[in-house]
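Read the numbers this way: they start at 1 and go in the same order the structure lists the ligands and their atoms. This is a predicted model, so every value here is computed, not measured.
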Amino acid sequence: MTGQPYRHITVRPLHPLFAAEVTGIDLTQPLPDDVFAEVAAAFDEHSVLVFPGQRLDNDRQIAFSRRFGELEVMLKGVVGEDRHLAGISNVDPKTNQIIPADHPRMLRQYGNELWHTDSSFKPVSAKASLLHGREVPPSGGETHFAAMRAAWDDLPAEKKRLCERLVAEHSFVYSRRQVVKEDFLTPEEKAEVPPVPQALVVENPRNARKALYVASHAERILGWPEAQGRALLDELLAHATQPKYVYTHRWRPWDLVMWDNRATMHKGSAYDYRNHRRVMVRTTVAGDAPTITADEVRRREAEAATLAA
Ligand code: OGA
Ligand code: MN
């Protein structure tokens, strides 16, 4: 599809490296297969798609998201009762009032302000996320995206060879500790999210494009001393989030933004949590498989010590 005009949709790049706006499409209506195929191709090509002015309700958001694959089930749905929806919001849907900024439901969300990819702390991480802006604050609350394919492409060859032989361990408990000092997860909640291994480099099988796969959830490099693994992860995160790799999305009401978790990182930004309403609804398309097999994790972990120069 690269270089060819789309016949049914209009695709306008938003950044030199990735991200595009898609117009000429109404997502409140079921999409014919040929139109959907163009959206899917644009998604593989650009990694972040912005669909402005889509007045979706929960059911329509779920229906469109489902076209890309099975949806992840949230631990506890906060939007209505449907567990395929995650509320990224400072408004209590039951009372329609702003939630106090120190409430556990808010504390849980501040972790979104660290660079991450969704669900990399789960054995099968998320393929795509779709976030819909229902109410957006007048300032702040932007979402930043980092182009992890470009970040990968630009790494020196030697670093690429190293990364392709390593495994990172991702942990939800670890990333949440970075933002909130007090422990707001119960022992039961922690037990549901044990650390998981993830490849440091992932490839999209549909176009063979590779991307660096790190996130605030990445805690250590398997088989490496703590400090050395931390140094590599911090270096990769700093590299990938240089301004030249970042697209910042400023939300307008009814934007639907869809991103490829295996080709981008993202992070939210602060806003006036106490005075401005921000109501976003996310659907999440599950990945097809883990980023690495258990056998390969064992093989790389055993070999890692020899690479720790
Ligand atoms: C998310 C997320 C950031 C934001 O929905 O997965 O990280 O800006 N959101 O709300
Ligand atoms: Mn996220």
Discussion item. Need the ligand 1 atom indices (1-based, order shown) with element for anything under 4.0 Å from a heavy-atom of Thr143.
Written reply: 4 (C), 8 (O)
Fill in: For Asn112, atoms of ligand 1 separated by under 4.0 Å from a heavy atom
2 (C), 7 (O)
Worksheet item: Among Ser125, Ser129, Ser120, Ser47, which residue meets the side chain to side chain donor-acceptor pair (under 3.5 Å) test with Asn261?
Response: Ser129
Worksheet entry | For Asp118, the ligand 1 atoms whose distance to one of its heavy atoms is below 4.0 Å | 6 (O)
Worksheet item: Sub-3.5 Å donor-acceptor pair from the side chain of Gln242 to the main-chain atoms of Ala238, do we have one?
Response: no
Discussion item. At under 4.0 Å between heavy atoms, is it the side chain or the backbone of Arg278 that contacts ligand 1, or both, or neither?
Written reply: side chain
Worksheet, complete the sentence: Contact region, His266 to ligand 1, non-hydrogen atoms below 4.0 Å, reads side chain
Response to the item:
Any heavy atom of Trp259 under 4.0 Å from ligand 1? The part involved is side chain
Worksheet item: For ligand 1, is there an atom lying under 4.0 Å from some heavy atom of Glu113?
Response: no
Practice prompt. Could you check which N/O/S atom of Asp118 is closest to the Mn ion (ligand 2)?
Written response: OD1
Worksheet item: Could you give the distance from CG (Leu155) to NE2 (His239), rounded to the nearest 0.5 Å?
Response: 4.0 Å
Discussion item. Using a 4.0 Å cutoff against the non-hydrogen atoms of Gly268, which atoms of ligand 1 qualify?
Written reply: 3 (C), 4 (C), 8 (O)
Worksheet item: Considering only heavy atoms of His116, which atoms of ligand 1 have at least one such atom less than 4.0 Å away?
Response: 7 (O)
Item to complete: Assess the side chains of Thr248 and Glu142: does a donor N or O sit below 3.5 Å from an acceptor N or O?
Response: no
Worksheet item: Is there a donor-acceptor pair closer than 3.5 Å between any side-chain N or O of Arg300 and the backbone N or O of Leu166?
Response: yes
Worksheet entry | ligand 1 N/O within reach of Lys267 N/O, cut-off under 3.5 Å | no
Worksheet item: Trp254 vs His132 aromatic rings, parallel, tilted or perpendicular, using cut-offs 30° and 60°?
Response: tilted
Discussion item. Within the 3.5 Å criterion, strictly below it, is a donor on His249 or Tyr247 matched to an acceptor on the partner's side chain?
Written reply: yes
Practice prompt. If you have a sec, work out which protein heavy atom is nearest atom 5 (O) of ligand 1 and how many Å separate them, to one decimal?
Written response: Arg282 CD, 3.3 Å
Fill in: Any side-chain donor near an acceptor of the partner, His266 and His116, under 3.5 Å
yes
Practice prompt. Decide if atom NZ of Lys160 counts as having more than 12 heavy atoms of other residues, nucleotides or ligands within a radius under 6.0 Å.
Written response: yes
Discussion item. Show me which atoms of ligand 1 lie under 4.0 Å from any heavy atom of Ile88.
Written reply: 5 (O), 10 (O)
